[in-house]
Amino acid sequence: MDPWEGLRQEVVRLLDEGLSGLRWRVSRSLEETLEEPPDPRFGDIATTVGFELSKTLRENPQSIAKELVGKIKPRGLIERIEPVGGYVNFFVEFSKFGELTLEAIERFGERYGHLDIGNDQKVVIEHTSVNPTKPLHIGHGRNAIIGDTMARVFRALGYRVEVQNYIDDLGRQVAETLVAYDEVKEKPKGKFDHVLGIIYAQLHERLEEDLELEQKVRGVLASLERGEKAISEVARRLCERCVKANLLTTDRLGISYDLLVWESDVVRSGILGEVLDRLRATPYLVEGTGDKSGTLVLRFPDGIEDKVLIRSNGTAVYTARDIAYQVWKFGCTKAGLRFRFHSKRKDGVKTYTTSPKGKAMRRFGRADKVINVVGSEQKFPQRVVFASLKLMGLEQQFRNSYHLAYEHVRLPDQRFSGRKGTWMGFSVDDVLEETISRARAVMEERAGTTDERFKRRVAESVGVGALRFSLLSTSPEKEIVFKWEEALDFDRNSGPAIQYSYARACSILRKIGKYKSKRVPPTFRLPEEKSVLKLLAKYPGILRAVGEKLQPNILARYVAELALEFNKFYEAAPVIEAETPEIRVSRLRLVKCTRIVLKNSMRLLGIPVLERM
RNA sequence: GGGCCCGUGGCCAAGCCAGGAUAAGGCGGCAGCCUCCUAAGCUGCAAAUCGCGGGUUCGAAUCCCGCCGGGCCCGCCA
């Protein structure tokens with residue numbers, strides 16, 4: 001199921017055999033000495049073990065490599081072994097390795113690459129979690145797209161996945177928006193989340209000088225935190241409308257949620273109280289002293305700074321609610337939440353929501369593993385949340401809590417700010433619209449179809465693919481400076497480039513029509529063929545790496561490379577007009593398998609799959 | 001003051017955790033390729049003191065120490 005790993009293991013076996021024949025011992029595992037030569041002409045896999053042995057054996061690496069090669073008889077997936085410098089280079093027998101790889105892909109099809117390392121464990125992934133008072137800007141888009149992609153990958157890795165979107169309806173932003181909504185008489189027209197975002201930014205200018213207004217906001221916030229019925233219901237309705245508008249945006253990007261968790265519901269359900277009681281029962285939640293007198297402070301035994309959890313007015317801080325939520329995700333609370341059906345996503349996923357009037361359901365939460373997709377600026381609070389699990393004796397839950405931290409998206413000269421309204425023009429809706437219309441323009445330039453529906457569908461898919469890829473392909477810990485040229489990039493190394501390679505593969509298969517294929521091992525001689533095949537073989541390992549490192553960019557980079565190599569193959573190796581029937585069948589299988597792996601990858605990245613474009 | 005992340009050709013960026021061969025790939029630039037499976041493509045060329053300085057090592061972009069630059073965190077804010 002993992003052809004590349006199988007190949008590596010075979011190399012290790014051969015090496016092991018050669019080494020024991022010479023009675024040479026290596027201190028670390030042979031697997032770790034393997035690497036890929038910089039040029040396939042040197043070989044497909046190499047070991048640097050000769051350099052290490054030269055120290056203990058007091059001999060130069062060259063002669064060690066030479067002697068070692070003399071002891072190993074190439075067989076199986078390896079056809080040739082050569083010593084070069086201190087390296088031992090292994091050459092793959094592409095007929096056998098090709099058959100093994102292609103056979104695996106043909107057999108598993110859409111499930112090729114799916115490894116059952118999740119063992120049916122449940123992972124809860126929280127992402128998006130935007131204040132329900134504004135539209136998603138491109139930075140929120142990064143969060144949602146990373147989270148959504150991780151959800152897809154974990155499903156492929158054999159986990160049961162539940163995606164949660166945490167709605168903070170008790171924050172200051174909600175209080176401010178509520179006041180603003182009341183103050184601003186002439187409301188702008190448009191999508192509700194945009195409307196709220198605009199009036200919020202408008203109010204903020206006034207808030208800076210208008211003390212009366214500030215008092216009003218504080219009053220509303222206090223009422224919300226106390227859970228006063230009338231105002232809470234107004235707030236909830238406003239937030240509900242905003243969330244609904246936000247979901248229209250994420251729907252377009254193909255993002256799904258299983259559950260919306262409302263902060264107010266977590267607080268009201270008694271979960272917060274229960275978790276705080278549990279902390280009080282430990283020696284770690286202590287009364288604050290000095291300037292913190294009157295508060296309750298979480299004091300960690302192991303180096304993390306003190307953190308106030310209960311303010312002197314008796315209310316809980318944000319982090320306290322986060323702790324409660326985290327404990328609930330693992331199913332470690334007696335108190336529970338109530339749920340009802342919320343809405344259906346484009347892909348058919350049913351989204352539920354917590355709701356005071358809903359009913360208890362056992363299917364939510366109860367995670368074995370929790371991944372929070374939250375900005376890197378929250379590393380400290382996330383650490384506090386996780387560490388407090390340990391203080392409560394939830395050692396295992398502590399170990400299974402992960403913070404997928406990502407850096408922000410910003411403009412060349414400023415950050416996005418809801419208060420200043422700098423997101424305007426850079427909301428996911430705005431960017432998507434621009435990207436799609438640009439894709440449309442490219443289609444118009446290319447001669448071809450006049451089918452209006454086809455054009456619209458392709459432009460939408462290309463736009464979504466371009467945006468998702470551009471936000472996924474950079475590693476999460478790197479800040480992204482948003483530039484239109486990059487979001488609108490449809491050339492190589494972009495979402496559309498991958499879609500294009502896929503469409504070309506489809507085109508070959510369409511045109512070749514029916515063919516009869518005898519089951520003979522494939523023939524691959526061209527470097528372009530070999531390099532595509534090797535990439536196909538590496539796919540399962542890529543998925544594993546994404547899951548282990550929580551880095552979806554690894555998959556994005558991989559599939560872009562596959563598309564690129566496939567294009568080179570496309571130019572160099574005619575399929576339909578291949579030199580011999582054997583080569584034709586070999587290439588055809590390679591195309592079919594490339595198509596499968598491209599499709600599987602695109603599905604996981606949420607890049608729409610197009611048969612033609 | 002303490003801590004975390006980032007720094008790789010003009011621009012973006014992989015590799016760093018598990019040290020090895022000529023430091024991927026893309027954008028932009030220059031020069032080519034469509035009677036042939038979709039030119040959103042392919043080929044070639046030019047372009048890098050891997051932030052700086054030490055150290056470890058046969059070997060350092062990668063490990064260690066120090067420094068510089070950029071971002072973020074260290075609230076009873078949210």
Side-chain angles (χ1 to χ4, degrees), chain A residues 28-29 31-33 35 37-39 42 46-48 50-52 54-55 60-61 84-87 89 131 168 170-176 221 288 291-297 303-305 307-319 375-381 383 405 407-408 410 415 439 442-443 445-446 448 462 466 470 473-481 483 485-486 489-501 503-512 549 553-554 557 560-561 563-564 566-568 570-578 587 591 612-613:
Chain A
R28 58 179 181 154
S29 85
E31 177 105 36
E32 282 173 22
T33 73
E35 62 169 37
D39 188 314
F42 296 142
T47 175
T48 57
F51 296 99
E52 278 171 52
S54 81
K55 211 176 303 171
N60 70 60
V84 177
Y87 300 92
N89 295 332
N131 280 317
D168 174 11
L170 289 183
R172 187 183 161 93
Q173 281 204 14
V174 172
E176 288 178 333
L221 182 59
D291 59 345
K292 289 182 178 155
S293 79
T295 66
L296 285 179
V297 175
I304 302 176
E305 284 171 67
K307 174 74 193 162
V308 171
L309 285 194
I310 307 288
R311 304 184 188 109
S312 46
N313 69 7
T315 57
V317 303
Y318 192 88
T319 302
S376 331
E377 78 281 2
Q378 293 203 46
K379 275 186 180 173
F380 175 65
R383 224 173 124 216
E407 281 293 340
H408 281 217
R410 43 166 301 195
R415 311 184 34 158
V442 172
M443 287 195 81
E445 277 172 37
R446 308 171 72 200
V462 166
S470 84
S473 59
T474 303
S475 52
E477 71 270 16
K478 282 208 189 194
E479 188 178 71
I480 293 180
V481 177
K483 293 191 186 112
E485 313 89 83
E486 281 157 32
D489 182 17
F490 302 154
D491 294 340
R492 304 164 247 226
N493 225 327
S494 74
I498 297 156
Q499 293 170 312
Y500 182 66
S501 291
R504 279 176 130 188
C506 290
S507 174
I508 294 175
L509 296 171
R510 229 178 2 247
K511 296 220 163 129
I512 204 160
K549 297 181 177 175
N553 58 302
I554 296 171
R557 294 279 159 197
E561 193 185 347
L564 209 59
F566 178 74
N567 285 340
K568 291 179 187 172
Y570 184 97
E571 300 283 335
V575 178
I576 296 172
E577 301 296 329
R587 287 182 185 163
V591 172
R612 299 170 198 260
M613 64 186 279

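Lettering of chains follows the sequences in order, A, B, ..., and the numbering in each one begins at 1. In this text, all values refer to a predicted model and were calculated from it rather than measured experimentally.
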So what does [X] hit on the nucleic acid, given a heavy-atom distance under 4.0 Å: a base, only sugar-phosphate, or nothing?
| X | answer |
| --- | --- |
| A/V462 | base |
| A/A560 | nothing |
| A/L221 | sugar-phosphate |
| A/Q499 | nothing |
| A/S475 | sugar-phosphate |
| A/N131 | nothing |
| A/L564 | sugar-phosphate |
| A/G85 | nothing |
| A/N60 | nothing |
| A/A573 | base |
| A/R612 | base |
| A/S470 | nothing |

Among the candidates [options], find the nucleotide nearest to the side-chain atoms of [X].
| X | options | value |
| --- | --- | --- |
| A/K549 | B/A21, B/A18, B/G41 | B/A18 |
| A/F42 | B/C37, B/C58, B/A21 | B/A21 |
| A/F51 | B/U22, B/G41, B/C58 | B/C58 |
| A/V317 | B/C73, B/C76, B/G26 | B/C76 |
| A/P37 | B/A21, B/A18, B/C11 | B/A21 |
| A/R492 | B/C27, B/A21, B/A78 | B/C27 |
| A/R311 | B/C37, B/G19, B/C76 | B/C76 |
| A/R410 | B/A78, B/G41, B/G71 | B/G71 |

Scan nucleotides 1-8 of chain B against the protein and return all N/O pairs shorter than 3.5 Å with their distances rounded to 0.1 Å.
unit_1, atom_1, unit_2, atom_2, d
B/C4, O2', A/K379, NZ, 3.0
B/C5, O2', A/E477, O, 3.2
B/G7, OP1, A/K478, NZ, 3.2

Please give the distance between the [atom1] atoms of [N] and [M] as a whole number of Å.
| N | M | atom1 | result |
| --- | --- | --- | --- |
| B/C30 | B/G9 | C1' | 16 Å |
| B/A21 | B/A60 | P | 11 Å |
| B/G66 | B/A47 | P | 38 Å |
| B/U8 | B/A13 | P | 8 Å |
| B/G29 | B/C36 | C1' | 31 Å |
| B/A61 | B/G70 | P | 26 Å |
| B/G10 | B/A46 | P | 16 Å |
| B/G59 | B/C45 | C1' | 32 Å |

Which whole-number value in Å describes the distance from [X] [atom1] to [N] [atom2]?
| X | N | atom1 | atom2 | value |
| --- | --- | --- | --- | --- |
| A/E571 | B/C42 | CD | C1' | 4 Å |
| A/E31 | B/A18 | CD | C1' | 11 Å |
| A/H408 | B/G70 | NE2 | P | 20 Å |
| A/Q378 | B/G71 | CD | C1' | 16 Å |
| A/K307 | B/C73 | NZ | C1' | 11 Å |
| A/E377 | B/C74 | CD | P | 10 Å |
| A/N553 | B/A14 | CG | P | 7 Å |
| A/I554 | B/A14 | CD1 | C1' | 11 Å |

So, is A/S29 near the phosphate of B/A18, with a side-chain N or O under 4.0 Å from OP1 or OP2?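 It does not, given that no N or O in the side chain of A/S29 lies less than 4.0 Å from OP1 or OP2 of B/A18.
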At under 4.0 Å, does any side-chain N or O of A/N493 touch on OP1 or OP2 of B/G25?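 False: A/N493 side-chain N/O out of range (4.0 Å or more) of B/G25 OP1/OP2.
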To the nearest 0.5 Å, what is the distance between CD on A/E577 and CD1 on A/I512?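 With rounding to 0.5 Å, CD (A/E577) is 9.0 Å from CD1 (A/I512).
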Quick check for you: to the nearest 0.5 Å, what is the distance between A/F490 atom CZ and A/M443 atom CE?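 Reported to 0.5 Å precision, the distance equals 11.0 Å.
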Please report the shortest heavy-atom distance between [X] and [Y], naming the atom on each side.
| X | Y | answer |
| --- | --- | --- |
| A/H408 | A/G375 | NE2-CA, 4.5 Å |
| A/D491 | A/S494 | O-OG, 2.5 Å |
| A/A46 | A/N89 | CB-OD1, 3.2 Å |
| A/I508 | A/I576 | O-CD1, 4.1 Å |
| A/Q499 | A/V462 | OE1-CA, 3.6 Å |
| A/S501 | A/A563 | OG-O, 3.3 Å |

Salt bridge present between A/R504 and A/E571 (N-O < 4.0 angstrom):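 Judged by the 4.0 Å cut-off on N to carboxylate O distance, A/R504 and A/E571 do form a salt bridge.
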Is A/E561 paired with A/R557 through a side-chain N to carboxylate O contact shorter than 4.0 Å?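 No.
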When you look at CZ of A/R410, are more than 12 heavy atoms from neighbouring residues, nucleotides or ligands closer to it than 6.0 Å?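 Yes, the 6.0 Å shell around CZ holds more than 12 heavy atoms from other groups.
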How about A/R510: does its CZ atom have over 12 heavy atoms from other parts shown lying under 6.0 Å from it?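 Yes, enclosed.
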Can you give me the dot-bracket string for RNA chain B, 5' to 3', counting Watson-Crick and G-U wobble pairs with both distances under 3.5 Å, using [ ] for crossing pairs and | for partners on another strand? (((((((..(((.......[....))).(((((.......))))).....(((((..]....))))))))))))....
Can you tell me if A/T47 and A/T33 form a side-chain donor-acceptor pair at under 3.5 Å?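 The answer is yes; a qualifying pair exists.
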Does the side chain of A/S473 pick up a donor-acceptor pair with the side chain of A/N553 at under 3.5 Å?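 There is no such pair between these side chains.
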Return the 5'-most residue of the pair A/D39, A/N313 with respect to RNA chain B, ranking by each residue's nearest nucleotide.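 Going by which nucleotide is closer to the 5' end, it is A/D39.
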Heavy-atom nearest nucleotide on RNA chain B for A/M613 versus A/K568: which residue maps closer to 5'?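 The residue mapped nearer the 5' terminus is A/M613.
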Chi-based syn or anti call at B/C34, which uses purine or pyrimidine torsion atoms and a 90° bound: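 In terms of base orientation relative to the sugar, B/C34 is syn.
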